[in-house]
Amino acid sequence: MSHIISIHSFRGGTGKSNTTANLAALYASMGMRVGVIDTDIQSPGIHVLFGMQEDDIKYSLNDYLWGKCEIEKTAHDVTAHVLADRANQLPIHPKSTIYLIPSSIKVGEIARVLREGYDVGLLNDGFQNLVKQLNLDVLLIDTHPGLNEETLLSIAISDALAIIMRPDNQDYQGTGVTVEVARKLDVPRMLLIVNKAPTTLKPEEVKARVQQTYNCEVGAVLPHSDEMMVLASSGVFVLRYPDHPITTSLRHVANRLIE
Amino acid sequence: MMTTGFNLLDLMTAPPLLRRILRALLRHQALIEDQIWTEIARTSDEMPIDRAVMESALSDLQRRGWLTREVRGDQVTYTIRLHRGDRRLSEARLAAGDLIEQVDDNPRYRAELAELTLTAVPAAFGRADVLDGLMQRGGKRTLPRNIWDKLSSDSPEEDRQPPRTDESRAGRKTGTDVLNLF
């Protein structure tokens, strides 16, 4: 059975794309066929983590939504790139494949989608067709922050939802909203991930407080990490640091999301 | 009253059984009645239902115009009618605003978690995040619409430019170049 998992946060800059890429790599290390779709059409970025540049993108999600191509054509196999990076320490299973469905990074195309919107029903058809056509075990949806029609759709069709928040006043209220919305949409499994926690905080204390406040399982409290900052999205953290405590926490999250 | 389909807000506010049927159809695009029954039974551990109740719910959804029913031979196939228009985007935002007000009324979120920050997070972390917030406001997330429109009106010119050569590409600074400065 395939899993559709949305990675969401109410505010931007919480680490959605990094978390999505890390989960993709972890599922690939388990032997799964993984799709990663960047639905953050207004501010795409996850392609950078997989080493893709503008010229590498033949067809984007935008092309599909404007009826220029089938959704399968937008899927770029990035497994070879991951394997070619000798800095990566975590082995990808030989049977695994990672497909990335990027959004366009051309300014004019981003502007067009903001101005005209798009058919959210077509986006749903695209999700389902990707799972079928690429025979995916997992489809990870990297969402746009906040709440709009496409994020509601992503949440509504997901088997599991990971909501990322930081221990910061600006995140608390919006995270509450997102949790409430996900409950109204009957998402079967929901996990909170507290990211970029200052190292002065006790993870267990943060976990207990957040869990109690939102009445929702906390999958991980990820501390601020210098290694992550230095990596600066030039690669996927878990591939570079397979034995790091953050990787262990993310592995736990990956397993919980598909249980 | 017959409508042209449902949107995600309709889904959020629909009764639980209708939500479960719609979610199943969103995932599978089209299902025959037996498959819907299997899906509903699978997700109804806490609230088992009669098949007759499900059939009544399917009729209700059809009356609302949220489903289409097609008879092919012995089988009845249902497909969803998700509203396909960006007009509803603004409605979704309005509803999100309502929800924020609801949560705002709930003192738990503010009091308990604010305490966590006030007692434990160093002031320096708070300052860094304020800066981050300011950058977000001035950056891509909330770029005013008229700026986007301006960028969009410039885009045909970008399309008319000759294809990039390796030479022209070499003159551009890429993200990697910037990172390499460090």
Side-chain angles (χ1 to χ4, degrees), chain A residues 4 11-13 42-43 48 53 55 106-112 114-122 124-125 128 145-149 152-153 156-157 159 166-170 172-177 180-181 184-186 188 198 200-202 205-206 209-210 212-214 224 232-234, chain B residues 5 7-9 11-13 16 19-20 22-23 26-29 43 82-89 92-93 95-96 99-100 102-104 106 108-110 112-114 116-117 120-122 125-126 129 132-133 136 140-141 145 148-149 151-152 154-156 158-159 164 169 174-176 179:
Chain A
I4 297 183
R11 295 193 68 246
Q42 301 176 28
S43 42
V48 173
Q53 296 191 2
D55 296 342
K106 292 176 182 165
V107 174
E109 294 186 358
I110 294 171
R112 180 181 164 191
L114 283 173
R115 194 178 59 241
E116 297 175 9
Y118 58 85
D119 180 342
V120 73
L122 195 59
N124 185 45
D125 295 344
Q128 311 305 336
L147 290 173
N148 58 28
E149 201 170 16
L152 291 181
L153 172 69
I157 57 139
D159 301 297
R166 292 165 300 181
D168 183 279
N169 277 304
Q170 294 186 69
Y172 298 154
Q173 186 185 55
T175 301
V177 172
E180 295 297 323
V181 166
K184 282 174 187 284
L185 290 169
D186 298 329
T200 50
L201 292 180
K202 291 178 182 164
E205 193 180 315
V206 173
R209 186 76 67 91
V210 171
Q212 183 190 1
T213 301
Y214 296 106
H224 167 86
S233 298
S234 62
Chain B
N7 69 10
L8 276 305
L9 298 177
L11 176 63
M12 276 171 64
T13 52
R19 281 209 304 267
R20 266 184 284 163
L22 290 170
R23 267 180 57 86
L26 275 169
R27 273 303 295 268
H28 298 278
Q29 296 170 300
T43 56
L82 183 58
H83 200 287
R84 296 179 177 232
D86 62 347
R87 182 176 63 81
R88 300 287 179 107
L89 279 171
R93 288 190 184 114
L99 277 165
I100 287 170
Q102 281 175 29
V103 174
D104 206 24
N106 186 343
R108 262 195 336 156
Y109 293 118
R110 280 177 299 169
E112 291 188 23
L113 288 169
L116 177 72
T117 306
V121 179
F125 180 77
D129 198 68
D132 179 44
Q136 296 279 348
K140 59 191 177 183
R141 304 280 184 206
R145 192 177 188 93
W148 282 113
D149 288 342
L151 292 170
S152 175
D154 289 344
S155 62
E158 179 184 287
D159 291 342
R164 285 190 204 106
R169 200 178 297 155
T174 65
T176 314
L179 286 175

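We name chains A, B, ... by the order of the sequence lines, and we start the count at 1 in each one.
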Handout entry: Nearest heavy-atom neighbours spanning R27(B) and I157(A)
Key = CD-O, 3.0 Å
Practice task
Determine yes or no for a side-chain-to-main-chain donor-acceptor pair under 3.5 angstrom, with D186(A) supplying the side chain and R20(B) the backbone.
Solution key: no
Handout entry: Separation between CG of D119(A) and CG of L82(B), rounded to the nearest 0.5 Å
Key = 8.0 Å
Problem - Heavy-atom closest contact (Q128(A) atom, L26(B) atom, distance) - result: NE2-O, 3.2 Å
Exercise for the section: Can you see which heavy atom on M12(B) is nearest to which on L185(A), and at what distance? Expected result: CG-CD2, 3.3 Å
Completion exercise
OG1 (T13(B)) and NZ (K184(A)) are apart, to the nearest 0.5 Å, by 8.0 Å
Problem - Any side-chain heavy-atom pair of N7(B) and V120(A) under 4.5 Å - result: no
